[in-house]
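Read the structure below first, then the notes.
Heads up: numbering here begins at 1 and tracks the sequence. Bear in mind the structure is a predicted one, so any value in this text is a computation, not a measurement.
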Amino acid sequence: MRSDMLLAATEPLPGAPTDGTVLIGYGAMEELTRFAATPGWTVHIPGHPDEARRAVLAAVRDGERAYVHVTAETNGAPRATAEGFQLVREGLEGVVAAVGATLDPVLRATEGLDLAVLYATTVRPFDEIGLRTAALAADRADVVLVEPGLAGTSAREVARTLVHVPHRLLALGGADVRDEAALGRAIRDFLR
């Protein structure tokens, strides 16, 4: 199977410095979980081939120890992302944090709901300020974390970030994300 994400991430890098380490994983959920739990690694989970290319180029340029996780799934359009969360849609009834290629399914599954939707392509380091700001701006600090890897990969980071904020967390991942109707039901049921 051809993957535009994988092709974008592995194109030759002209003039690339030799400092740092950039590893690319394709659909390797266990590796994603391992690197997300290992201190000292930057973990990128791009949601579009253009984002994958930018992540690899930035990691090489900066001499990072980076793991770039790509999948066959992709969002319809790239986002101009930096490290951390980007506010995609404002809302007051809670926060949905979509990572990588989960953004488009999340936007469709939450259409019509008054939820803030955040998007990130870099999950380590974790953007504590972005998540805390969105959670405090909402009427309720109910957080739904949607990741392409195993459910709960970043749940510990969310709990640490909101340790002093009364909140609830629903962590979804893997197969939970592929069925948009089920994703929408899980989010709606959680927010009742």
Side-chain angles (χ1 to χ4, degrees), residues 1-75 77-88 95 97-103 106 118-135 143 145-163 169 171-174 177:
M1 167 173 36
R2 179 185 163 187
S3 170
D4 292 338
M5 292 282 275
L6 188 57
L7 292 173
T10 59
E11 288 178 7
L13 303 172
T18 57
D19 295 341
T21 303
V22 178
L23 301 176
I24 298 170
Y26 178 71
M29 298 307 172
E30 296 80 16
E31 291 300 309
L32 172 59
T33 302
R34 184 169 67 92
F35 282 105
T38 304
W41 283 87
T42 300
V43 178
H44 303 283
I45 308 175
H48 187 275
D50 292 351
E51 295 169 1
R53 178 97 173 127
R54 284 195 306 254
V56 170
L57 288 172
V60 169
R61 180 193 65 229
D62 298 342
E64 292 180 346
R65 288 180 57 199
Y67 177 72
V68 180
H69 181 80
V70 296
T71 64
E73 292 82 23
T74 180
N75 293 321
R79 297 268 173 181
T81 57
E83 288 187 12
F85 287 109
Q86 169 191 15
L87 181 63
V88 175
V95 177
V99 176
T102 69
L103 179 63
V106 162
L118 304 177
Y119 177 60
T121 60
T122 301
V123 295
R124 301 294 184 281
F126 191 81
D127 180 13
E128 296 175 359
I129 294 171
L131 179 61
R132 189 178 304 112
T133 299
V143 177
L145 175 64
V146 185
E147 300 176 280
L150 301 175
T153 299
S154 295
R156 183 171 158 182
E157 302 298 323
V158 172
R160 248 190 237 146
T161 297
L162 300 177
V163 68
L169 171 64
L172 301 171
V177 180

Legend entry - Least distance between heavy atoms, Pro39 atom then Ala37 atom: CD-O, 3.4 Å
Legend entry - Thr102 backbone acceptor or donor facing Glu73 side chain under 3.5 Å: no
Legend entry - Minimum heavy-atom distance Asp127-Phe85, with the two atoms named: OD2-N, 2.8 Å
Legend entry - Stepwise side-chain contact (heavy atoms from CB on, under 4.5 Å) check, Leu118 with Leu87: CA-CA 5 Å; Leu118 304 177; Leu87 181 63; 3.8 Å; yes
Legend entry - Heavy-atom closest contact (Val95 atom, Ala134 atom, distance): CG2-O, 3.6 Å
Inset, instruction - Enter the distance from Ile45:CD1 to Arg124:CZ here, rounded to the nearest 0.5 Å. - result: 8.0 Å
Legend entry - Sidechain-backbone polar pair: His44 side chain, Pro46 backbone, donor-acceptor under 3.5 Å: no
Inset, instruction - Report the distance from atom OG1 of Thr121 to atom CD of Glu51, rounding to the nearest 0.5 Å. - result: 5.5 Å
Inset, instruction - To the nearest 0.5 angstrom, please state how far the CG atom of Leu131 sits from the CD atom of Glu157. - result: 10.5 Å
Inset, instruction - Return the orientation label for the Tyr67 and Phe35 ring planes: parallel under 30°, perpendicular over 60°, tilted otherwise. - result: parallel
Inset, instruction - Return the minimal non-hydrogen interatomic distance between Ala77 and His48, and the atom names on each side. - result: C-CD2, 3.6 Å
Legend entry - Side-chain donor or acceptor of Thr38 paired with backbone N/O of Arg34 under 3.5 Å: yes
Inset, instruction - Write down the atom of Ala59, the atom of Ala66, and the distance for their closest heavy-atom approach. - result: CB-CB, 3.7 Å
Inset, instruction - State the OG1-CD distance between Thr122 and Glu64, to the nearest 0.5 angstrom. - result: 8.0 Å
Inset, instruction - Supply the atom-to-atom distance Met29 CE to Glu147 CD, rounded to the nearest 0.5 angstrom. - result: 10.5 Å
Inset, instruction - Search all heavy atoms of Gly149 against all heavy atoms of Leu32 and return the closest pair with its distance. - result: CA-CD2, 3.9 Å
Legend entry - Within 6.0 angstrom of Leu150 CG, more than 12 heavy atoms from elsewhere: yes
